2 protein chains.
Amino acid sequence: MSSGAVHKRPSIHDVANHAGVSAATVSKVMHGVSTVKPENVQRVFEAVERLGYRADPLASDLRRAKRRIIGAILPEFESEFFGSMVTHLERLAELRGYTLVAASSGESEEREAEILRRMQDWRVAGVVLAPVRDEHGRGGELMQAHGMTGVMIDRVLSDESFDTVSADSMSASAEVARELIGRGHRHVLVVGLGEQGACVRARLEGFRRTAEALDPKVQIDVILCESDVEPLRASIRDYFSRGERPTAVFSLFLKGTLVALSEFRRRGWHCPDDISLVGFDDAEWMSVTWPTIAAVVQPVDQIAAQAMDMLFRRIDGETGPPTARLERCQLLVRESVGAPSSGPHPGGGAGQ
Amino acid sequence: MSSGAVHKRPSIHDVANHAGVSAATVSKVMHGVSTVKPENVQRVFEAVERLGYRADPLASDLRRAKRRIIGAILPEFESEFFGSMVTHLERLAELRGYTLVAASSGESEEREAEILRRMQDWRVAGVVLAPVRDEHGRGGELMQAHGMTGVMIDRVLSDESFDTVSADSMSASAEVARELIGRGHRHVLVVGLGEQGACVRARLEGFRRTAEALDPKVQIDVILCESDVEPLRASIRDYFSRGERPTAVFSLFLKGTLVALSEFRRRGWHCPDDISLVGFDDAEWMSVTWPTIAAVVQPVDQIAAQAMDMLFRRIDGETGPPTARLERCQLLVRESVGAPSSGPHPGGGAGQ
DNA sequence: GTGAAAGCGCTAACAA
DNA sequence: TTGTTAGCGCTTTCAC
């Protein structure tokens with residue numbers, strides 16, 4: 001709660017009065033304009049000090065018709081990936097004197113649109129949008145239709161209206177393929193969430209092409225589901241129940257890795273003895289569990305940096321066709337990846 | 001990037017012109033003031049529709065001298081706990097027509113102070129502060145000194161100036177004690193991060209008192225470190241290297257659980273056969289790994305709800321002494337907790 | 001019922 | 001070099 005005394009913050013006029021100058025002069029001093037008499041600069045500083053004056057950035061922005069606010073719209077805050085993304089974006093915005101206002105779309109297109117509208121109401125200088133779905137989402141259209149300045153990140157490989165920055169999914173998947181094929185795996189299950197968008201396709205095709213190039217006889221099974229996680233679990237469970245026995249699973253998303261792990265548990269399979277596992281997205285716990293889990297690390301810091309870079313270039317008026325950047329991922333091979341088990345494939349285990 | 005056409009958003013005056021009324025009338029219509037002639041209401045709505053007018057909330061707030069913005073200051077965004085906290089706070093703020101602006105202090109007091117200043121510059125209506133340290137932090141003082149309205153959450157059991165909402169650490173720890181003692185553990189290591197603040201003390205004492213009440217001969221070792229995680233790791237490693245062999249570890253924070261797990265790994269110990277593990281804070285992966293990890297679940301939703309409730313009461317002018325709420329936690333006993341191993345305690349294992 | 005006028009806190013053009 | 005004036009987009013008296 002607030003303490004007893006009502007704190008009415010001093011305005012620029014209060015400072016002006018105390019310093020015996022005009023508000024305009026105070027404003028100049030605050031902005032380091034050099035045409036002010038040193039003596040007055042001094043008096044203004046003193047008044048500022050005494051009153052504890054701090055400018056209201058929103059009022060200032062209003063007048064200048066330019067808000068030093070960047071909006072960020074992300075599907076969620078709960079994951080390490082997006083959490084860390086927010087942290088980076090926040091820092092990069094502040095570095096330039098802007099404030100980041102982040103909002104979560106909760107994987108809902110309506111919500112995404114609503115937030116976009118609010119960002120527009122706020123007249124934010126620019127928006128970093130991690131769209132709810134792949135390139136077919138409405139977010140971009142909305143931004144486009146309202147003439148907003150923005151960058152799209154994650155799950156978007158390119159866009160016809162906006163700059164995009166994403167992880168280089170295709171190369172990363174190719175590296176996973178090299179790793180798995182190299183270790184002798186010839187039957188791999190790929191699981192993933194999301195629409196048949198460019199991002200999923202890149203991850204999938206990057207894997208498939210490289211794997212098949214290394215050994216045309218490799219068997220690659222694929223289970224993709226819409227954005228919900230439970231159908232994916234059901235499909236995977238069903239897949240294993242049918243007796244399918246891949247020697248490795250490659251998950252295109254973190255949730256998929258979790259689902260795969262829990263399905264292994266149900267059946268009493270252990271990594272990497274019974275089956276190998278590697279997935280997109282690293283997490284802190286993956287290097288601590290037994291076994292440790294192999295993961296593709298997306299370069300959050302670089303994605304954030306490039307996105308903000310592009311965004312501010314556009315804010316500063318740079319024109320030209322949209323660019324599409326891809327940032328290199330890193331594959332952390334951990335204990336969950338091994339050679340295919342030499343013995344007979346594990347049986348149905350605790351299946352169903 | 002923005003498309004070719006420059007989008008200058010319509011102001012309330014544009015609407016007024018199109019509707020053939022004054023800006024004041026438009027304002028009234030937008031706010032549902034009933035003293036406007038129905039015909040004019042109609043024309044205003046039409047103009048709004050045609051122009052796609054949306055009020056600028058910041059300009060509006062400026063005039064009303066009251067910003068519909070809530071600030072949230074959290075130590076980090078990367079954890080599930082705080083990520084989910086932001087999501088909840090965001091939703092609760094929007095429910096009341098406010099926008100949440102979240103910032104991360106990165107466990108730094110300077111940064112916390114800086115953010116607090118910025119929140120004040122923004123003239124936010126209220127602040128939800130999860131302080132960097134326990135009750136000795138400067139955040140509260142700063143808010144107090146500047147007459148800000150706020151609530152403190154997490155790691156703060158009470159405050160003399162602000163309402164607080166936290167998890168009921170003491171009860172939760174007591175329950176952990178009952179569980180461990182009940183299963184026969186008589187030698188427990190408690191690990192934790194953070195100062196000797198009220199929150200850590202509550203968690204520790206809640207455990208100790210209940211455990212000792214159940215069996216006075218129980219041995220409780222404690223390793224507490226300042227806010228950094230590596231010293232904690234070193235201390236734990238050292239502790240085990242000295243040959244200490246507790247049958248269970250109770251971690252007061254998520255990071256501690258991770259450190260404990262990784263130290264178990266180093267030594268080749270498995271839960272719960274070699275040692276049991278339970279810690280504060282649940283995470284998605286804990287129910288998926290082998291073994292699954294027991295955890296105290298903090299009721300993020302309730303903490304958020306109560307905090308926002310208190311905050312808006314204060315914003316609406318409610319006076320009275322600060323309240324201190326504690327929300328009940330839930331203990332999820334999972335596979336990592338078992339009976340003490342009956343055989344000889346595990347040896348030094350891979351120890352250093 | 002309505003609109004002119006004043007003003008939130010600030011900045012930018014211009015005149016002095 | 002400085003202060004006056006005129007707003008940014010909105011709300012709120014308060015006359016009419």
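If you're wondering where the values come from, they're calculated on a predicted model, not measured in any experiment. Below, chains carry the letters A, B, ... as their sequence lines are ordered, and counting in each starts from 1.
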Separation of D:dT11 atom C1' from B:D56 atom CG, nearest Å, is 13 Å
Could you check whether any side-chain N or O of A:R314 sits under 3.5 Å from a backbone N or O of A:G150, counting only pairs where one atom can act as donor and the other as acceptor? no
Separation of D:dT12 atom C1' from B:D61 atom CG, nearest Å, is 15 Å
Fill in: Side-chain ion pair, A:R9 and B:D121, N-O less than 4.0 Å
yes
Rounded to whole Å, CG of B:N17 lies from P of D:dG9 at a distance of 13 Å
A:R123 atom CZ is separated from D:dG9 atom P, nearest whole Å, by 7 Å
Candidate pair B:D56 and A:R67, rule salt bridge (Lys or Arg N to Asp or Glu O under 4.0 Å), full reasoning:
CA-CA 12 Å; B:D56 180 336; A:R67 294 209 184 156; 2.6 Å; yes
B:S11 has its side chain closest, among D:dT2, D:dT11, D:dG9, to D:dG9
Taking C:dA12, D:dG9, C:dC10 as options, the one with an atom nearest any side-chain atom of A:R64 is C:dA12
note: A:R43, atom CZ; D:dT1, atom C1'; distance rounded to Å ~ 15 Å
* Hey, does A:A55 reach any base, or is it just sugar-phosphate, or nothing, if we go heavy atoms under 4.0 Å? -> sugar-phosphate
#### Entry: Donor-acceptor pair, side chain of A:D14 and main chain of A:S11, under 3.5 angstrom
yes
Separation of C:dA4 atom P from B:K28 atom NZ, nearest Å, is 11 Å
Picking from D:dT2, C:dT2, C:dG3, the nucleotide nearest the side-chain atoms of A:N40 would be D:dT2
Rounded to whole Å, NZ of B:K66 lies from P of D:dC10 at a distance of 19 Å
Walking DNA chain D from its 5' end, the first of A:A59 and A:S34 to be reached, judged by nearest nucleotide, is A:S34
**Message:** For a quick check of understanding: with a heavy-atom distance under 4.0 Å over all strands, which category does B:A65 fall into, base, sugar-phosphate or nothing?
**Reply:** nothing
From the candidates C:dC10, C:dG3, D:dT11, the one with an atom nearest any side-chain atom of A:Y53 is C:dC10
Quiz prompt | Distance test, side-chain N/O of B:H13 to OP1/OP2 of D:dG9, below 4.0 Å | solution = no
By nearest-nucleotide position on DNA chain C, the 5'-leaning member of B:R67 and B:P38 is B:P38
So, OP1 or OP2 of C:dG3: does either fall under 4.0 Å of a side-chain N or O from B:T25? yes
Discussion item. Does D:dC10 have OP1 or OP2 under 4.0 Å away from a side-chain N or O of B:S60?
Written reply: no
message = When you compare the side chain of B:L129 with that of B:E112, does any pair of heavy atoms fall below 4.5 Å?
response = yes
Between NE2 of A:H31 and C1' of C:dT11 the distance, given in whole Å, is 7 Å
Does A:R63 make a side-chain donor-acceptor contact with the base of D:dG7, cut-off 3.5 Å?
yes
